[in-house]
Colleague: 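To start, I am sharing the structure in question, which I have written as structure tokens.
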Amino acid sequence: MKNKSEKLLIDGPAGKLEVEALWQHGDPADPDTKGVALICHPNPLYDGTMNNKVVTTLFNFARDEGMHAVRFNFRGAGKSTGEHDYAKGEIEDAMAVLQWISQKTPARELWLGGFSFGGYIIARVAEQIMVTPHIWGLEDMEIVKVVLMAPSVENNDASDVMLPTNKTIQIYGDADRVIKPSSMQDFANSKEIPTYVVEGAGHFFHGRLTEIKSLLEQHAV
């Protein structure tokens with residue numbers, strides 16, 4: 001059976017959340033699929049949605065690597081209800097989607113990816129899984145990789161975030177004019193996270209998505 005994607009609205013902490021889930025072999029209960037990816041999108045205040053091209057690249061990578069892949073729209077984006085909550089509520093949105101995932105599939109190897117604002121959120125999600133999984137009923141989830149794509153570490157303070165450093169990587173472009181490359185490198189250095197720099201790439205990696213996919217294939221499995 002072919003992989004099957006479904007779009008639906010699920011219950012979230014501020015109303016409904018629009019979710020797209022790609023199930024390997026069309027079956028969330030597929031016994032051969034151990035991994036599931038959750039991917040977070042850029043800031044909705046700047047037109048960020050789950051259909052962003054970088055998010056789609058992460059989504060397709062997870063699919064091609066044999067994982068179930070899930071992306072969603074934060075509150076106030078797309079068909080998701082509610083209003084933007086400047087990162088606090090969005091972390092809760094992501095955790096609600098993870099809880100939904102845990103009920104839908106027995107896959108427990110968790111691959112986390114986020115771009116820009118979504119990179120900051122996914123870092124906080126990883127922290128929740130590491131530090132307080134019992135609060136969310138996700139004690140049996142195991143993080144296998146965290147991928148931070150040009151994470152928003154200037155507008156959102158990530159200095160205190162706890163990450164599984166041996167499982168985390170960061171990718172950014174050295175021509176990023178939205179988030180200073182030096183800020184992202186300083187963050188990576190402080191957290192001892194391996195970083196891969198795409199020369200000449202801006203924040204949105206225009207024209208460089210093939211290179212991003214190649215970096216993921218080399219370093220994000």
Colleague: Centroid-to-centroid, H41 to F115, below 6.0 Å?
Modeller: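 That pair fails the under 6.0 Å test.
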Colleague: List the residues meeting side-chain hydrogen bond (donor to acceptor under 3.5 Å, both in side chains) with N189, not counting sequence neighbours, and say none if there are none.
Modeller: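 Only Q185 meet the side-chain hydrogen bond (donor to acceptor under 3.5 Å, both in side chains) criterion with N189.
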Colleague: Could you check whether K88 pairs with D93 (Lys NZ or Arg NE/NH1/NH2 to Asp/Glu carboxylate O, under 4.0 Å)?
Modeller: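 Result for this pair is no, no salt bridge flagged.
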Colleague: Which heavy atom of I122 sits nearest to which heavy atom of L148, and what is that distance?
Modeller: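 Looking at all heavy atoms of both residues, the closest pair is CG2-CD2, 3.4 Å.
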Colleague: Quick check on the hydrophobic clustering: are L45 and F204 connected, directly or via other members, by side-chain heavy-atom contacts under 4.5 Å?
Modeller: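 Shared cluster, no.
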Colleague: So which heavy atom on A150 is nearest to which on D176, and how close?
Modeller: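 Nearest heavy atoms, A150 then D176: CB-OD2, 3.9 Å.
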Colleague: Starting at CD1 of I171, measure out to CZ of R208 and round the result to the nearest 0.5 Å.
Modeller: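 Answer for the CD1-CZ pair, I171 versus R208, is 12.5 Å.
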Colleague: For residues I91 and Y86: do they belong to one hydrophobic cluster (side chain heavy atoms under 4.5 Å, members Ile, Leu, Val, Met, Phe, Trp, Tyr)?
Modeller: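 Result: no, two separate clusters.
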Colleague: Quick one: which of Q128, E92, Q99 gives a side-chain hydrogen bond (donor to acceptor under 3.5 Å, both in side chains) with W136?
Modeller: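 For W136, the side-chain hydrogen bond (donor to acceptor under 3.5 Å, both in side chains) check succeeds only for Q128.
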Colleague: Can you confirm whether or not the ring centre of Y172 sits under 6.0 Å from the ring centre of Y196?
Modeller: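 Here the rings of Y196 and Y172 have centres that are no less than 6.0 Å from each other.
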Colleague: V221 and V144: same hydrophobic cluster, using ILVMFWY side-chain contacts below 4.5 Å?
Modeller: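 Yes, one cluster joins them.
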Colleague: Name all residues meeting the salt bridge (Lys or Arg N to Asp or Glu O under 4.0 Å) criterion together with D85; count only those two or more places apart in sequence or in a different chain, and write none if there are none.
Modeller: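 Scan of D85 (salt bridge (Lys or Arg N to Asp or Glu O under 4.0 Å), adjacent residues dropped) gives none.
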Colleague: Where do M184 and Q170 land on the side-chain contact (heavy atoms from CB on, under 4.5 Å) test, with the steps shown first?
Modeller: CA-CA 8 Å; M184 290 183 282; Q170 178 179 248; 3.9 Å; yes
Colleague: Counting only heavy atoms not in E83, do more than 12 sit closer than 6.0 Å to its CD atom?
Modeller: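 No, the 6.0 Å shell around CD holds no more than 12 heavy atoms from other groups.
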Colleague: Examine I101 and M50 and state if one hydrophobic cluster contains both, with Ile, Leu, Val, Met, Phe, Trp and Tyr joined whenever side-chain heavy atoms are less than 4.5 Å apart.
Modeller: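 No.
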Colleague: For W23 and H68, take the angle between the two ring planes, folded into 0 to 90°, and tell me which bin it lands in: parallel under 30, tilted 30 to 60, perpendicular over 60.
Modeller: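 Taking H68 first and then W23, their aromatic rings stand perpendicular (interplane angle over 60°).
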Colleague: Test K53 against every option in I212, L58, L209 by the side-chain contact (heavy atoms from CB on, under 4.5 Å) rule and name the one that passes.
Modeller: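 Option passing the side-chain contact (heavy atoms from CB on, under 4.5 Å) with K53: L209.
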Colleague: Hey, is K104 close enough to E6 for a salt bridge, meaning N to O under 4.0 Å?
Modeller: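 A salt bridge links K104 with E6.
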Colleague: Does the separation of the ring centres of Y46 and H203 fall below 6.0 angstrom?
Modeller: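 Here the rings of H203 and Y46 have centres that are no less than 6.0 Å from each other.
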Colleague: Any salt bridge linking R71 with E20? Criterion: basic side-chain nitrogen under 4.0 Å from a carboxylate oxygen.
Modeller: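 Yes, charged N to carboxylate O under 4.0 Å.
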Colleague: Rounded to the nearest 0.5 Å, how far does CG of N43 lie from CD1 of I121?
Modeller: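 These two atoms lie 9.0 Å from each other.
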Colleague: Would you say CE of M162 has more than 12 non-hydrogen atoms from neighbouring residues, nucleotides or ligands within 6.0 angstrom?
Modeller: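 Not buried by this count: 12 neighbours or fewer within 6.0 Å.
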Colleague: Would you mind checking if K180 and D186 are paired as a salt bridge, meaning a charged N to carboxylate O distance below 4.0 Å?
Modeller: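 No, this pair does not count.
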Colleague: For V70 and F59, work out which heavy atoms get closest and say how close.
Modeller: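 Smallest heavy-atom distance, with atoms named: N-CE1, 4.0 Å.
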Colleague: Would you say the ring centers of F72 and W100 fall short of 6.0 Å from each other?
Modeller: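 For F72 and W100, the ring centres are not under 6.0 Å apart.
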Colleague: Which atoms form the tightest heavy-atom contact between I179 and S116, and what is the distance?
Modeller: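 Between these two residues, the closest heavy atoms are CD1-OG, 4.2 Å.
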Colleague: Nearest 0.5 Å, what's the OH-SG distance between Y120 and C40?
Modeller: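 Y120 atom OH to C40 atom SG measures 12.5 Å (nearest 0.5 Å).
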Colleague: How long is the straight-line distance from OG1 of T165 back to NZ of K191, given to the nearest 0.5 Å?
Modeller: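 If we round to the nearest 0.5 Å, K191:NZ and T165:OG1 are 10.0 Å apart.
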Colleague: Let me check something: do L9 and L98 share a hydrophobic cluster, defined by ILVMFWY side-chain heavy atoms less than 4.5 Å apart, either directly or through other members?
Modeller: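 The answer is no; the residues belong to distinct hydrophobic clusters.
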